[in-house]
Amino acid sequence: MSLALPSHRTPADLERVLQRPGKIRLVKGAYAAPTDLAKPRGAELDDSYWQLMERLFTSRHPCSIATHDPALLDPVPLEYAHKLIQEQGIEQDNIEFEMLKGVTPERLQAMRNYGYRTRVYLPYGQEWHLYLCNRLAEYPPNIHQAITDAVKYRYGR
Ligand SMILES: Cc1cc2nc3c(=O)[nH]c(=O)nc-3n(C[C@H](O)[C@H](O)[C@H](O)COP(=O)(O)OP(=O)(O)OC[C@H]3O[C@@H](n4cnc5c(N)ncnc54)[C@H](O)[C@@H]3O)c2cc1C
């Protein structure tokens, strides 16, 4: 018997979780999956993220937008999100922005300045090294950042 895995199911999943209480956190997903199951990083995934974000906003369900993507969050798209929120009379209190600690904190601050709630994601625990390896594999330029931070911490510059 072959087991068919559901593919590209996030829009349908979102409709289901919208029926339940609690905050919904929207992420692009940290783990690589076969392309017949999930969209890889790129313009198509970004478009989907934008559409799902709009769906969350207009549903008025409490939500958290967890991304560092400048295309989605820098001033012009954010103006668009503001306009959408105002036109639809959406409670700004229901919308939160989250980012990983240390990644583009100025962008999170910009969201805060617009009056949104913000949250910093800070992983901790005994198996921190596994999390670190995952983050480095996901975004290799972080290796350079980690070395720079370690030197700065050691020598204070
Ligand atoms: C608060 C929070 C919670 C999350 N929870 C989950 C979860 O529960 N499950 C899950 O699968 N994934 C989770 N993720 C991971 C997420 O799905 C992405 O893998 C990760 O955030 C990178 O995607 P992006 O949306 O920032 O956009 P991308 O398109 O990947 O990146 C856009 C830009 O952001 C910057 N950037 C992105 N990631 C990093 C980084 N690590 N370091 C430095 N710069 C970076 C770069 O400039 C990059 O060009 C979470 C992410 C956040 C912020």
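Predicted model only: the values in this text are computed from it and were never measured. Counting starts at 1 for both ligands and their atoms, in listed order.
- In this structure the side chain of M99 never reaches within 4.5 angstrom of the side chain of Y121, judged on heavy atoms.
- Of all protein heavy atoms, the one lying nearest to atom 51 (C) of ligand 1 is L100 CD2, 4.0 Å.
- Distances between N or O atoms of T67 and those of ligand 1 include at least one value under 3.5 Å.
- Using modelled atom types, one finds a donor on one side chain and an acceptor on the other under 3.5 Å when comparing E98 with S64.
- Close approach of ligand 1 to Y121 is summarised as follows: ligand atoms under 4.0 Å from at least one heavy atom of the residue are 1 (C), 2 (C), 3 (C).
- Checked by distance only, ligand 1 and G29 come closer than 3.5 Å through their nitrogen or oxygen atoms.
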Problem - Residue pair T118, E96: steps toward the side-chain contact (heavy atoms from CB on, under 4.5 Å) verdict - result: CA-CA 5 Å; T118 56; E96 183 178 78; 5.8 Å; no
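- The closest protein non-hydrogen atom to atom 41 (N) of ligand 1 is N142 ND2, 3.3 Å.
- Between H68 and L100 the shortest side-chain heavy-atom distance falls below 4.5 Å.
- Counted by atom type alone, Q109 and N113 present one or more donor-acceptor pairs between their side chains at under 3.5 Å.
- When side chains are defined from C-beta on, L108 does not count as touching Y116, because their heavy atoms never get closer than 4.5 Å.
- Ligand 1 has no nitrogen or oxygen under 3.5 angstrom from a nitrogen or oxygen of V27.
- The nearest protein atom to atom 15 (C) of ligand 1, hydrogens excluded, is given as A30 CB, 4.1 Å; this is a heavy-atom distance.
- Shown here is H129, whose NE2 atom has more than 12 heavy atoms of other residues, nucleotides or ligands within 6.0 Å.
- In terms of protein heavy-atom proximity, atom 19 (O) of ligand 1 is nearest to E138 OE2, 2.3 Å.
- Checked against a 3.5 angstrom limit, the closest N/O atoms of R41 and ligand 1 fall inside it.
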Practice task
Go through the steps to decide whether K28 and D69 satisfy the test salt bridge (charged side-chain N to carboxylate O under 4.0 Å, His left out), and finish with yes or no.
Solution key: CA-CA 10 Å; K28 287 186 187 174; D69 192 338; 2.6 Å; yes
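- Protein heavy atoms are found less than 4.0 angstrom from atom 21 (O) of ligand 1.
- Between H68 and ligand 1, at least one N/O pair is under 3.5 Å apart.
- For the pair P70/R107, a side-chain contact is recorded, criterion being any heavy-atom separation below 4.5 Å from C-beta on.
- Close N/O approach between R25 and ligand 1 is found [any backbone or side-chain N/O within under 3.5 Å].
- Shortest contact from atom 33 (C) of ligand 1 to any protein heavy atom: P70 CD, 3.9 Å.
- Counting protein heavy atoms only, atom 32 (C) of ligand 1 is closest to D69 CA, 3.7 Å.
- For atom 2 (C) of ligand 1, the nearest protein heavy atom (residue, atom name, distance) is A66 CB, 3.6 Å.
- Atoms of ligand 1 found under 4.0 Å from any heavy atom of V103 (numbered from 1 in listed order, with element): 42 (N), 43 (C), 44 (N), 45 (C).
- Less than 4.0 angstrom separates some heavy atom of Y31 from each of these atoms of ligand 1: 11 (O).
- Distances between N or O atoms of K28 and those of ligand 1 include at least one value under 3.5 Å.
- Between the side chains of K39 and S48, a donor-acceptor pair is found at a separation under 3.5 Å.
- Looking only at heavy atoms of the protein, atom 49 (O) of ligand 1 is closest to Y139 OH, 4.0 Å.
- Remark: E106 CD is packed, more than 12 non-hydrogen atoms of other residues, nucleotides or ligands lying under 6.0 Å away.
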Exercise for the section: Please test L56 against L18 for side-chain contact (heavy atoms from CB on, under 4.5 Å), starting from the C-alpha separation and ending with a verdict. Expected result: CA-CA 8 Å; L56 273 170; L18 280 172; 4.2 Å; yes
